[in-house]
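Everything on this sheet refers to the single structure shown next.
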Number of protein chains: 2
Amino acid sequence: MKIDPDSKIDLSAQIAKAIRDGIMAGTLRVDERLPSEAELAEQFDVSRPTVREALKRLAAQSLIRTQRGATGGAFVNRLRFEEAYGQHVTTSTLLLSMNSVSFATACEARYALERACAPLSAQRRTADHLATMRAEAHRQAQPGLSDEAFCASDVAFHRALVDAADNPVLSYQLAGAVEAMQPLMNMITFTARSRETIVQIHTEIADALGAKDAATADALLVRLAEYTESLAQSIIAKRDAAKAIR
Amino acid sequence: MKIDPDSKIDLSAQIAKAIRDGIMAGTLRVDERLPSEAELAEQFDVSRPTVREALKRLAAQSLIRTQRGATGGAFVNRLRFEEAYGQHVTTSTLLLSMNSVSFATACEARYALERACAPLSAQRRTADHLATMRAEAHRQAQPGLSDEAFCASDVAFHRALVDAADNPVLSYQLAGAVEAMQPLMNMITFTARSRETIVQIHTEIADALGAKDAATADALLVRLAEYTESLAQSIIAKRDAAKAIR
DNA sequence: GACGTTTAATTGTCTGACAAATGAAAATTG
DNA sequence: CAATTTTCATTTGTCAGACAATTAAACGTC
């Protein structure tokens, strides 16, 4: 990759792209050390601050890690699911909030995705997954729980459901989608009755997975999706009514 | 957010986090201008290069955009699906290649996700989506097509299938997963006979969606998933056999 | 050989400077 | 006055050089 000083694009962006391309093409392998900042500056014929800006861009994407000291430098980072997961959640959350995605759209996507892994979860769930799901359902039944804590537990429940599919790729994709919905869910006030309904369905889902009954689990997820959306709609209706009065 | 000069973490990373938190919390709104680099440097009590490194980190995540000139500066960027999509593909691709995710795992995830949106696609597909899918299936039947072009067309076909669900959140999540699989798919050599089978199924999928027949579309996706995986397995077996001889 | 000490390499940060872009204000011109 | 050109201030982009902090390896010393 050549660097064009007359390009409209930042030099640091061009350098970052060149290195990123090298990583994606496999020219730069995992844990391989990049040349020092001074050497990179000489190679690309730019100053060290410019090189540093490029490296920070890559670090922001977890593509490299840096270490100080004699044997330090920048190393190609093995991208782990956990790191990628965090970025995925951040991006997804902002996408939803900045593009005024409706609750219905996000909800539809979320439950469609969860239904996709339910059959696999029914087949592969371990006792651990079931225990987590039952524990979260139990927590959700506690009377004093705040709405935020209820939503957080809801995320944990569905996270366990997704992880039970035992497919890291699915977990990565889905957990991001589910967690990104939490800010939207947090806007819902859960009444005692609606909580009861949700906990009931959660418990039945855990039972269905326990029995490796994929069809029932699927039907329950459909019910949960419909119930969640009706809940959101009634709240939106109330809010709009309150607005109309003003 | 306070900046701790004695922290183990880079100052630029801390500053980036502070600004990112502001964006996610809504304190900084879309299209709002951040203070100039000089002002930020004074506010955080660091030098301008440090501030710049922080801004480059945010730019790498498409959270801000910068503009030169008198009325220029750094602005909170409205994160669009297209930008986020590109990053998602990059991350997913690297995740698969760096964590030695098996073809079977990736394939399972991909088809599980596609099946999730097939019912929605059957319901909402437009004539445009059907035309794209049929055009790609037709291209895939051309004799002179290279393996890479065949795979690219395959991605385009499935992209149309996903987009037909008319849910941007689903499209964002799924298209990343599908496209990230392409490098793995590219390793498969498609014989004339296997291409014929795939094109046949693709055509039938388009027909099923045309008839709004979700059940048939789902069954076809299952068939396609099974066929793809058997194809991959036979190729892996051949490769291992060749290795054993050596 | 075990244990401090020095040293070299490398990133992290700062200072100061200049170039380039860009819009707004001021000056000029018809 | 209106239109155009010029000037100018602001801001990011880039550079050069310096010093601090960190780290592991090399080196002595006992």
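Each chain gets a letter, A, B and so on, in the order its sequence line appears, and its residues count up from 1. Please read these numbers as outputs of a predicted model, since none were measured by experiment.
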Handout entry: Electrostatic pair A:K17:A:D10 at N-O distance under 4.0 angstrom
Key =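 Answer for the salt bridge query: no.
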Handout entry: N-O pairing of B:D166 and B:R125 below 4.0 Å
Key =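 B:R125 and B:D166: not salt-bridged.
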Exercise for the section: Would you please name every residue forming a side-chain hydrogen bond (donor to acceptor under 3.5 Å, both in side chains) with B:T91, sequence neighbours left out? Expected result: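 Testing B:T91 for side-chain hydrogen bond (donor to acceptor under 3.5 Å, both in side chains), a comparison that skips the adjacent residues, returns none.
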Whole angstrom is fine here: how far is it from [atom1] in [X] over to [atom2] in [N]?
X	N	atom1	atom2	result
B:E53	C:dG12	CD	C1'	8 Å
B:I9	D:dA21	CD1	C1'	17 Å
A:L55	D:dT14	CG	C1'	16 Å
B:F75	D:dT12	CZ	C1'	11 Å
B:E42	C:dC14	CD	P	14 Å

Problem - Row check, A:Y172 ring normal vs A:R80 NZ/CZ: under 6.0 Å, within 45° - result: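 No - A:R80 does not lie over the ring of A:Y172 by the 6.0 Å and 45° rule.
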Exercise for the section: Report yes or no: is the cationic atom of A:R110 (NZ for Lys, CZ for Arg) closer than 6.0 Å to the six-membered ring centre of A:F103, at no more than 45° off its axis? Expected result: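 Here A:R110 fails the 6.0 Å and 45° test against A:F103.
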Exercise for the section: Check whether any side-chain N or O of B:R33 sits under 3.5 Å from a backbone N or O of B:G72 as a donor-acceptor pair, and report yes or no. Expected result: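 Looks like yes, one N/O pair under 3.5 Å.
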Exercise for the section: Answer yes or no: is there a side-chain heavy-atom contact under 4.5 Å between A:F75 and A:L34? Expected result: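 With C-beta onward as the side chain, the pair stays apart.
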Completion exercise
Heavy-atom contacts, protein to nucleotides 6-11 of chain D, under 4.0 Å, summarised as B (base), S (sugar-phosphate only) or - (none) per nt, yield ---BBB
Handout entry: Side-chain donor-acceptor pair present, B:Y111, B:E229, cut-off under 3.5 Å
Key =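 B:Y111 vs B:E229: no donor-acceptor pair found between side chains.
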Problem - Donor on one side chain, acceptor on other, B:Q182 and B:D154, under 3.5 Å - result: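 No, because no side-chain N or O of B:Q182 sits under 3.5 Å from a partner of the opposite role on B:D154.
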Problem - Close approaches to DNA chain D from residues 56-66 of chain A, in residue order (heavy atom, under 4.0 Å) - result: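 Residues of residues 56-66 of chain A that come under 4.0 Å of DNA chain D do not exist, since none gets that close.
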Practice task
Look at B:R52 and D:dG13 and indicate whether a side-chain polar atom (N or O) is within less than 4.0 Å of OP1 or OP2.
Solution key: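 For D:dG13, OP1/OP2 do have a side-chain N/O of B:R52 under 4.0 Å.
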Exercise for the section: For the side chain of A:L11, starting at C-beta, report the closest nucleotide among C:dT13, D:dA16, D:dT14. Expected result: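 Selected nucleotide: D:dT14.
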Problem - Side-chain donor/acceptor of A:R48 to base of C:dG12, under 3.5 Å - result: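 Flag set: donor-acceptor pair detected.
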